[in-house]
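These notes concern the structure reproduced below.
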Amino acid sequence: MNFDQLIAPELAARLAERGITEASPIQAETLPHTLAGKDLIGRARTGTGKTLAYALPIIMKLDASRERGRVPRAIIVAPTRELAKQVAEEFSKTGGDLVTVTVYGGAAYAPQENALRRGVDIVVGTPGRLIDHLERGNLDLSGIEFAVLDEADEMLSVGFADAIETILQRTPPTRLTQLFSATLTDDIRRIARQYLREPVLVDLVGEGKSQVAQTVEHLKVKVGRSRTRVLADLLTVYNPEKAIVFTRTKREADELAMELIHRGLEAEALHGDLAQSQRERALGNFRNGRAGVLVATDVAARGLDIPEVDLVVQYHLPQDPDSYVHRSGRTGRAGRTGTAIVMYGDRDGREMNGLERVTGVRFIERPLPTPKEVQSASAKASADLVRHVDPAAATTFQAEAERLFSELGLEALARALAKISGVSEPVKAASLLSGEEGLTTIILHAERMSVPRAVAVIAQNCDADTRRLGRVRQWRGGAVADVPSEYIAKLLAASPLGGEVTVEVAQELPELFEAPTREGRQGGYQGGNRGNRDEGGYRGRGQSGYQGGGQGRSQSGSSQGGYQGGGRSQSSGGYQGGGRSQGGNGGGQGGYQQRGAQGGRPREDFADREFVPAGR
């Protein structure tokens with residue numbers, strides 16, 4: 001529905017000048033009710049145009065005034081300063097002569113006090129700073145005709161319930177109140193019962209439906225200990241115009257942003273400990289393209305309206321399903337498509353399934369980027385940069401380019417592209433199973449290749465301690481194994497191993513049998529993997545620095561590693577093998593566990609076994 005069918009012609013014309021002519025579903029559904037003077041609860045996915053939905057009725061009903069010292073007639077409460085500033089900007093663009101003042105923490109009081117004292121029509125602010133101005137006597141809410149709680153569930157979830165109630169209690173009971181939220185929690189319903197008068201509920205999400213935006217592709221990537229490398233590879237392969245990476249902690253955000261910069265990716269950190277000037281600089285660099293990656297805590301999960309974000313990566317599983325909904329909602333906005341990726345560890349299987357069930361999202365498993373993918377994407381991005389250089393700017397370099405070409409030929413251009421890509425030495429080998437550097441993934445071709453046999457064959461032919469091996473998985477034609485890169489030449493020279501097992505370095509993974517799930521805790525969704533060992537927190541450069549994630553004790557397999565299957569064989573009487581390798585220096589520390597069949601006999605299902613080395 002077009003706006004000229006919903007709102008005053010002059011206001012519709014103002015929006016049309018900005019290229020906004022058609023109302024989004026939340027706007028089309030809510031405007032008739034609020035324009036009729038009814039309180040409202042609006043529930044919609046992020047990025048659907050809620051700001052205009054509540055702003056337009058206020059702009060239509062309020063007349064501009066020049067009276068000095070006038071008290072505000074509308075108040076909008078938002079959870080973050082970024083959202084408050086964006087809301088105020090929308091009112092300034094659309095509200096004509098209405099005066100809007102924004103108040104938020106992290107900024108000086110005096111300019112805000114002076115602006116309120118001069119007179120204001122609309123005040124937009126965060127709960128804490130609004131309470132401060134109320135207590136200082138700077139803010140009088142006795143003239144409020146409209147009150148809006150934007151992202152109300154977020155404000156309540158971080159402890160602003162008392163502040164919100166205090167603000168609403170200071171306003172006249174005759175006000176029109178709008179409450180917008182992505183979720184309808186018990187606290188939301190309580191606030192609505194107490195402070196809204198027979199509100200109309202406009203729910204564009206509903207229960208039992210997918211809670212996330214339909215314009216977003218949802219992927220999951222299983223990672224090992226090298227999360228940072230995998231993240232950098234994903235950013236390289238997808239080459240987004242803008243990407244947001246969500247971390248658990250402020251420290252992790254800072255360190256991860258620095259690590260990405262070291263890897264040649266321009267990144268900025270954003271979190272609550274930054275001064276307002278630092279936050280504005282980080283967001284400014286992100287908006288104008290000087291930094292393509294924003295590494296953020298949940299301070300950025302709500303309210304940041306940056307339509308150009310086309311990739312969201314969650315560095316760990318989110319704390320809860322609602323966090324995933326809000327984080328992934330930072331992409332796929334304003335009619336654009338986007339991609340949301342969750343990085344999860346070996347022991348996050350239960351939580352990953354719970355996230356899928358609660359949110360209604362069907363995540364697509366995305367394999368780790370292969371070295372070939374990363375190198376190809378990096379070369380393509382560098383070539384695109386070269387193509388976009390102004391020919392006039394290249395003139396200065398013409399003579400030197402000709403000399404280089406005469407010396408090196410086409411290799412000169414190849415070296416230049418490598419330098420632009422940040423590559424100055426051969427790319428280090430990395431596992432295709434976990435992304436861990438220093439390991440090379442090999443494919444073993446043999447019929448009925450069990451995991452114990454694969455481990456033994458590798459150990460016998462390269463005199464390797466099995467504790468140095470990475471993961472071993474099965475596929476229909478044999479096994480896939482992670483081996484320290486220094487053993488590769490020896491294994492290839494010895495192929496076929498034992499006269500029958502051929503070896504090749506994997507360029508990409510074959511279709512693997514399903515890996516067992518090593519579950520950490522029982523119960524429903526347990527986001528964030530805090531109850532078991534995190535498979536790969538941020539390690540920083542040189543394998544030092546912060547290691548994110550939980551520190552709890554693993555419940556899946558012993559600390560000695562070994563071959564571990566899913567499930568608990570005690571409860572089903574299954575076989576628990578000793579499985580010690582006898583070959584060479586292969587004194588491995590584990591056994592292997594297999595999901596038992598009903599009864600005492602082990603089930604011959606090799607897909608149920610996976611080698612997990614000690615300490616991994």
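This structure is a prediction, so every number in the text was calculated from the model and none was measured.
Here the shortest heavy-atom pairing between Ala267 and Val295 reads CB-CG2, 4.4 Å. In terms of heavy atoms, Leu355 sits closest to Pro321 at CD1-CA, 3.8 Å. Across all their heavy atoms, Leu52 and Glu90 have their closest contact at CD2-OE2, 3.5 Å. The two residues Pro240 and Asp310 make their nearest non-hydrogen contact at CB-OD1, 3.0 Å. The nearest pair of heavy atoms linking Gly105 to Thr126 is N-OG1, 3.8 Å. Contact record, Leu219 with Tyr238: CD1-OH, 3.1 Å, taken as the closest heavy-atom pair.
In this structure, Thr441 OG1 and Leu509 CG are separated by 6.5 Å, a value rounded to the nearest 0.5 Å. Taking OH from Tyr487 and CD1 from Ile442, the interatomic distance works out to 12.5 Å, rounded to the nearest 0.5 Å. Remark: Arg473 CZ to Ile443 CD1 distance equals 13.0 Å, nearest 0.5 Å. Note that OH of Tyr344 is 11.0 Å distant from CZ of Arg227, once rounded to the nearest 0.5 Å. To the nearest 0.5 angstrom, Gln319 atom CD is 11.5 Å from Glu351 atom CD. If you take CG on Leu417 and NZ on Lys380, they are separated by 12.5 Å, rounding to the nearest 0.5 Å.
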For this session: Starting from the C-alpha separation in whole Å, work towards a yes-or-no answer on side chain to side chain contact (heavy atoms under 4.5 Å, CB included) for Ser157 and Asp153.
Result: CA-CA 6 Å; Ser157 71; Asp153 52 345; over 6 Å; no
For this session: Begin from the C-alpha positions of His316 and Asp348 and carry the test side chain to side chain contact (heavy atoms under 4.5 Å, CB included) through to its verdict.
Result: CA-CA 10 Å; His316 301 279; Asp348 293 336; over 6 Å; no
For this session: Test salt bridge (Lys or Arg N to Asp or Glu O under 4.0 Å) on Glu373 and Arg366 and set out the steps.
Result: CA-CA 13 Å; Glu373 273 186 287; Arg366 204 266 186 222; 3.1 Å; yes
Problem set entry | Full working for side chain to side chain contact (heavy atoms under 4.5 Å, CB included) between Leu235 and Leu311 | CA-CA 9 Å; Leu235 292 170; Leu311 177 66; 3.9 Å; yes
Exercise. Does the pair Val312 and Val216 meet the rule for a side chain to side chain contact (heavy atoms under 4.5 Å, CB included), with working shown?
Worked result: CA-CA 10 Å; Val312 167; Val216 178; over 6 Å; no
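Side chain of Gln278 to main chain of Leu274: no donor-acceptor pair is present (N/O by atom type, distance under 3.5 Å, no hydrogens or angles). For Ser328 (side chain) and Val325 (main-chain N/O), a donor-acceptor pair under 3.5 Å exists by modelled atom type. At least one donor-acceptor pair closer than 3.5 Å links the side chain of Glu356 to the backbone N or O of Phe363. Listed for the Thr102 side chain is no donor-acceptor partner under 3.5 Å among the backbone atoms of Ala88. Counting only distance, with no hydrogens or angles, the side chain of Thr297 and the backbone of Thr249 share no donor-acceptor pair below 3.5 Å. Formation of a donor-acceptor pair under 3.5 Å by the Ser382 side chain with backbone atoms of Ser378 is found in this model. Checked by atom type and distance alone, the side chain of Thr331 pairs as donor or acceptor with a backbone atom of Val309 at under 3.5 Å. Using modelled atom types, one side-chain atom of Arg129 and one backbone atom of Ala107 make a donor-acceptor pair closer than 3.5 Å.
For Glu365, the CD atom counts as densely surrounded, since its 6.0 Å shell holds more than 12 non-hydrogen atoms of other residues, nucleotides or ligands. Around the CZ atom of Arg362, the shell of radius 6.0 Å holds no more than 12 heavy atoms that belong to other residues, nucleotides or ligands. Other residues, nucleotides and ligands contribute more than 12 heavy atoms inside 6.0 Å of the CD atom of Glu504.
With Glu268 as the fixed residue, the salt bridge (Lys or Arg N to Asp or Glu O under 4.0 Å) test singles out one of Arg279, Arg281, Lys242: Arg281. Each of Thr440, Leu444, Val483, Val505 was evaluated against Leu491; a single residue qualifies, Val483, per the side-chain contact (heavy atoms from CB on, under 4.5 Å) test.
Looking at Gln86 and Thr51, their side chains never come closer than 4.5 Å, going by heavy atoms from C-beta outward. Counting heavy atoms from C-beta on, the side chains of Val472 and Leu433 never come closer than 4.5 Å. Between Pro79 and Met155 the shortest side-chain heavy-atom distance falls below 4.5 Å. Using a 4.5 Å cut-off on side-chain heavy atoms (C-beta onward), Leu469 and Pro484 make contact.
Residues Thr236 and Arg263 bring no donor and acceptor atom of their side chains to less than 3.5 Å of each other. Neither side chain, Glu151 nor His326, offers a donor N or O lying under 3.5 Å from an acceptor on the other.
Between Glu436 and Arg471, none of the side-chain N atoms (NZ, or NE/NH1/NH2) sits under 4.0 Å from a carboxylate O, so this pair counts as no salt bridge. Comment: Arg251 does not engage Asp254 in a salt bridge, judged by the lack of any side-chain N to carboxylate O separation of less than 4.0 angstrom. The pair Glu400-Arg403 counts as a salt bridge, with a side-chain nitrogen and a carboxylate oxygen less than 4.0 angstrom apart. Looking at Glu486 and Arg468, a side-chain N of the basic residue comes within less than 4.0 Å of a carboxylate O on the acidic one, giving a salt bridge. Taking the charged nitrogens against the carboxylate oxygens, Lys85 and Glu89 have no contact shorter than 4.0 Å, which rules out a salt bridge.
A tilted orientation is assigned to the rings of Tyr324 and His218, their planes being inclined by 30° to 60°.
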